[in-house]
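Here is the structure we will look at, set down as structure tokens.
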Amino acid sequence: MATRLFEGKTHASYYQKYRFSPPQEVQDLIFNYMGERLSKPYGFAVDVGCGTGQSTRILVPYFEKILGTDISPAQIEEASKANDIPNVTYCVSPAEEVPVDECSVDLVTACAAAHWFSIEKFYKEVDRILKPRGCLAIFTYIPDMEVHYKDRSEQLTKVFKEGQKMLAPYENEKVRLVKTGYKDLFDAIPYTDKKR
């Protein structure tokens, strides 16, 4: 079963306000890989576990149609409120049951979300909805942060890392997948043509 977190309206509004978009380097990797496999223009992308839409909106320049899905109604409500892009729609949907036709999607993305999915069911669903030569991009952020503030950056970073270490025994078991950079999720992808 998929893990359900980030459900409340307050949490979703903070997510919309403070969550950052995927870095340009990651975006370049995805679209360069797509360019090797598919011809432009790209038709349809689905961003699964889209949260409030930050990772969905990066797809806009590349696709004619984009669907962002999330299991949380509060996250989708926030994404919809921030959406003024005509080719982007959002809907509440579990990652394992995407409401699109078979073989209809050029790209499926899951940014910092796949570790919460029932991964075997998700990969079966991806296989159902991807077009031949379509692409799957799952990616996350590794929480190796530094804190910068005036001449105290080194000290603050040390305190931050100590806090992370103290809290680690209490974190959800799925967070381990993030800390390994999704290695296990990558290894489980059922396609031979894949790039890490």
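If you're wondering where the values come from, they're calculated on a predicted model, not measured in any experiment. We're numbering straight along the sequence, starting at 1.
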Worksheet item: Taking it one step at a time, do H115 and Y182 satisfy side chain to side chain contact (heavy atoms under 4.5 Å, CB included)?
Response: CA-CA 8 Å; H115 54 286; Y182 276 5; 2.6 Å; yes

Worksheet item: side chain to side chain contact (heavy atoms under 4.5 Å, CB included) between Y191 and D127: does it pass, once the steps are laid out?
Response: CA-CA 9 Å; Y191 308 118; D127 200 46; 3.0 Å; yes

Worksheet item: Hey, mind stepping through R196 and K183 against side chain to side chain contact (heavy atoms under 4.5 Å, CB included) and telling me if it holds?
Response: CA-CA 9 Å; R196 187 168 160 77; K183 182 188 178 317; 3.7 Å; yes

Item to complete: Evaluate salt bridge (charged side-chain N to carboxylate O under 4.0 Å, His left out) for K81 paired with E78, printing each intermediate quantity in order.
Response: CA-CA 5 Å; K81 283 195 285 188; E78 285 292 326; 3.1 Å; yes

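In this structure, OG1 in T140 is found 9.0 Å from CG in L185, a value given to the nearest 0.5 Å. To the nearest 0.5 angstrom, Y42 atom OH is 12.0 Å from E64 atom CD. The distance from atom CG of D184 to atom CG of L177, rounded to the nearest 0.5 Å, is 6.0 Å. Taking CG from L67 and OG from S93, the interatomic distance works out to 7.5 Å, rounded to the nearest 0.5 Å.
T52 and Q16 are linked by a side-chain donor-acceptor pair at a separation below 3.5 angstrom, with hydrogens and angles left out of the test.
In the hydrophobic cluster analysis, where Ile, Leu, Val, Met, Phe, Trp and Tyr join through side-chain heavy atoms closer than 4.5 angstrom, F160 is grouped apart from M166. Criterion: ILVMFWY side-chain heavy atoms under 4.5 Å apart, direct or through other members. Under it, M34 and L130 are not part of a common hydrophobic cluster. Connection of V46 to I85 is not established within any shared hydrophobic cluster, with ILVMFWY side chains joined at heavy-atom distances below 4.5 Å, either directly or through further cluster members. Two different hydrophobic clusters hold V126 and L59 under the rule that ILVMFWY side chains link at heavy-atom gaps under 4.5 Å. A continuous path of hydrophobic side-chain contacts links I129 to I189 [ILVMFWY only; heavy atoms under 4.5 Å].
Side-chain N or O atoms of S80 include none that pairs as donor or acceptor with a backbone N or O of E77 at under 3.5 Å. For the pair S13 (side chain) and T10 (backbone), a donor-acceptor distance under 3.5 Å is present. R133 places a side-chain N or O within 3.5 Å of a backbone atom of R37 that can act as its donor or acceptor partner. Judged purely by atom type and a 3.5 angstrom limit, N32 uses its side chain to pair as donor or acceptor with the backbone of D28.
The pair E97-K124 does not count as a salt bridge, with every side-chain nitrogen at least 4.0 angstrom from each carboxylate oxygen. Checked for salt-bridge contact, E125 and R128 meet the test: a charged N lies under 4.0 Å from a carboxylate O. Ion pairing between a basic and an acidic side chain is recognised when a charged N comes within 4.0 Å of a carboxylate O; E36 and K195 show such pairing.
When side chains are defined from C-beta on, V60 counts as touching V88, because their heavy atoms get closer than 4.5 Å. Contact annotation: the side chain of V48 approaches that of F117 to within less than 4.5 Å [non-hydrogen atoms, C-beta and beyond]. Considering only heavy atoms from C-beta on, L136 comes within 4.5 Å of Y123 through its side chain. Considering only heavy atoms from C-beta on, C50 stays 4.5 Å or farther from Q75 through its side chain. At a threshold of 4.5 Å between non-hydrogen side-chain atoms, the residues S21 and R57 do not count as touching.
What you find for G51 and D70 is that their closest heavy atoms are N-OD2, 2.7 Å. The minimum heavy-atom distance between Q155 and D151, with the atom names listed, is OE1-O, 4.4 Å. Closest non-hydrogen pair, P73 versus V92, comes out as CA-CG2, 3.7 Å. When all heavy atoms of P22 and I58 are compared, the closest pair comes out as CG-CD1, 3.9 Å.
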For residues 98-112, which side-chain donor-acceptor pairs fall under 3.5 Å, sequence neighbours excluded?
unit_1	atom_1	unit_2	atom_2	d
S104	OG	D101	O	2.6
D106	OD1	K131	NZ	3.3
D106	OD2	G43	N	2.8
D106	OD2	F44	N	2.8
D106	OD2	K131	NZ	3.4
T109	OG1	D47	OD1	2.7

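For V26, the side chain to side chain contact (heavy atoms under 4.5 Å, CB included) partners two or more places apart in sequence, or in a different chain, are P23, I30, F139. Residues satisfying the ring pair (Phe, Tyr, Trp, His ring centres under 6.0 Å) test with Y90, not counting sequence neighbours, are none.
Aromatic ring orientation, Y62 versus F31: parallel (interplanar angle below 30°, classes split at 30° and 60°).
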